[in-house]
Amino acid sequence: MSGLVVAVVGDSISAGSPLWDPEPAVRVRIAAPDERSQWQWWAARADARLEFRTTAVYAERTDEIARRLDLVLTGADVLVVQGGINDVVQRRPLEQAAENLGAMLNRGRAAGLALAVTDVLPWNNGDKRTAADIGRLNALIREVAATSAASLLPFHDTLADPTDPTRMRDGLTDDGDHPSIEGHRLLGEQAFRLPK
């Protein structure tokens, strides 16, 4: 079975915060790093063909994420684009965030890669405004996925509390911002699917 290189570009969710980071210089500042705190680790365990190449930086907006795309594209078979929560936090125009995600997918398509985009997770530490913006941005991301012929990875619904979808379920976040190890496991094993 041949391997597949999956290029991932994103923010702290794809970096594995708060217990992991793809950059060794950042990882040494984590008191007890745990590689299981990344959805990619769980996806690779579920499918041994996958090799992940990730560039992801804490607190970056979609325009900042886009500047790092070339770091992971060369030699990749699949591109996964993840981001948008920091655009919401910083009150940036949601339409621009969606355009930035779409532009990254277009660059991946031009490079001949299969494409996937994640939606934005619920944010337990947010408020009504951020919950509404996440909902609006996720609707825009669904449109971007459809127009880009990209698979939509349902990160939001995988971790959302069914009684309050603006929050991650208990046990799936340790800090209210990022998935717990169990949250990352669900994202890697259930939400991540290779694009067709």
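A quick note: this is a predicted structure, and the numbers were derived from the prediction, not measured.
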Close side-chain approach of Ile30 to Pro18, heavy-atom, < 4.5 Å: no

Would you call Phe192 and Leu50 a side-chain contact if the rule is heavy atoms closer than 4.5 Å? yes

Is there a path from Val6 to Phe155 through hydrophobic residues (I, L, V, M, F, W, Y) whose side chains come within less than 4.5 Å of each other? yes

Arg61 side-chain N/O to Asp87 backbone N/O, donor-acceptor pair under 3.5 Å: no

Minimal non-hydrogen separation, Thr118 against Gly83, with atom names: OG1-N, 4.4 Å

side-chain contact (heavy atoms from CB on, under 4.5 Å) partners for Arg129, two or more places apart: Val88, Arg91, Asp127, Asp133

Within this structure, what is the CG-CG distance for the pair Leu105 and Leu113, rounded to the nearest 0.5 Å? 10.5 Å

Judged by atom type as modelled, is there a donor-acceptor pair below 3.5 Å linking the side chain of Glu60 to the main-chain atoms of Val57? no

Flag yes if Leu187 and Val80 sit in one hydrophobic cluster, no otherwise; membership is Ile, Leu, Val, Met, Phe, Trp, Tyr, and two members link when side-chain heavy atoms are under 4.5 Å apart. yes

Side chain proximity check, Thr54 to Val72, heavy atoms < 4.5 angstrom: no

Give a yes or no on whether Ile141 and Leu115 share a hydrophobic cluster (residues Ile, Leu, Val, Met, Phe, Trp, Tyr; joining criterion: side-chain heavy atoms under 4.5 Å apart). yes

Tell me whether the count of non-hydrogen atoms from other residues, nucleotides or ligands lying under 6.0 Å of CD in Glu23 goes above 12. no

dist Arg107:CZ -> Leu79:CG (nearest 0.5 Å) comes out at 9.5 Å

Taking every non-hydrogen atom, the tightest pair across Pro22 and Ala15: CD-O, 3.4 Å

State whether the side chain of Trp123 and the backbone N or O of Thr166 hold a donor-acceptor pair below 3.5 Å, judged by distance alone. no

Can you tell me if Arg185 uses its side chain to pair, donor with acceptor, with the backbone of Ser37 under 3.5 Å? no

Could you tabulate the donor-acceptor pairs under 3.5 Å formed by side-chain atoms of residues 167-174, not counting sequence neighbours?
from: Arg167; atom 1: NH1; to: Asn124; atom 2: O; distance (Å): 3.2
from: Arg169; atom 1: NH1; to: Thr158; atom 2: O; distance (Å): 3.2
from: Thr173; atom 1: OG1; to: Asp175; atom 2: N; distance (Å): 3.4
from: Thr173; atom 1: OG1; to: Asp175; atom 2: OD1; distance (Å): 3.4
from: Thr173; atom 1: OG1; to: Gly176; atom 2: N; distance (Å): 2.9
from: Thr173; atom 1: OG1; to: His178; atom 2: O; distance (Å): 2.6

The reported gap from CD in Gln40 to CZ in Arg45 (rounded to nearest 0.5 angstrom) is 15.0 Å

Apply side-chain contact (heavy atoms from CB on, under 4.5 Å) to Asp11 and Gln82, showing your working. CA-CA 7 Å; Asp11 57 29; Gln82 178 272 315; 2.8 Å; yes

Donor + acceptor pair across side chains of Ser14, Gln38 (<3.5 Å): no

Is it true that Val8 and Val81 fall in one hydrophobic cluster, defined by side-chain heavy atoms closer than 4.5 Å? no

Side-chain donor/acceptor of Asp77 to backbone N/O of Val5, under 3.5 Å: yes

Does Trp20 have Arg27 sitting over its ring (NZ/CZ under 6.0 Å from centre, angle to axis within 45°)? yes

Just verifying a value: how many Å separate Leu19 CG and Arg36 CZ, rounded to the nearest 0.5 Å? 9.0 Å

I need the minimum non-hydrogen distance between Thr55 and Arg68, along with the two atoms involved. OG1-NH1, 2.6 Å

Indicate the atoms forming the closest heavy-atom contact of Pro154 with Ala191, along with that distance. CD-O, 3.5 Å

Strictly distance-based, threshold 3.5 Å: is any side-chain N or O of Ser148 a donor or acceptor partner for the main-chain N or O of Val144? yes

Output the distance between atom CD1 (Ile85) and atom CG (Leu137), rounded to the nearest 0.5 Å. 8.5 Å

Looking at every non-hydrogen atom in both residues, tell me the closest pair between Ala43 and Phe52 and how far apart they are. CB-CZ, 3.7 Å

Gap between atom OG1 of Thr62 and atom CG of Asn100 - 0.5 Å precision: 3.5 Å

Under 3.5 Å, is there a donor-acceptor pair between the side chain of Glu189 and the main chain of Trp42? no

In one Ile/Leu/Val/Met/Phe/Trp/Tyr side-chain cluster, 4.5 Å: Ile134, Val89: yes

Could you go through the side-chain contact (heavy atoms from CB on, under 4.5 Å) check for His156 and Val120 one step at a time? CA-CA 6 Å; His156 183 279; Val120 177; 5.9 Å; no

Could you work out, with salt bridge (Lys or Arg N to Asp or Glu O under 4.0 Å) as the rule, every residue matching Arg67, not counting sequence neighbours? Asp63

Looking only at heavy atoms, what is the nearest atom pair of Thr130 and Gly126, with distance? OG1-CA, 3.2 Å

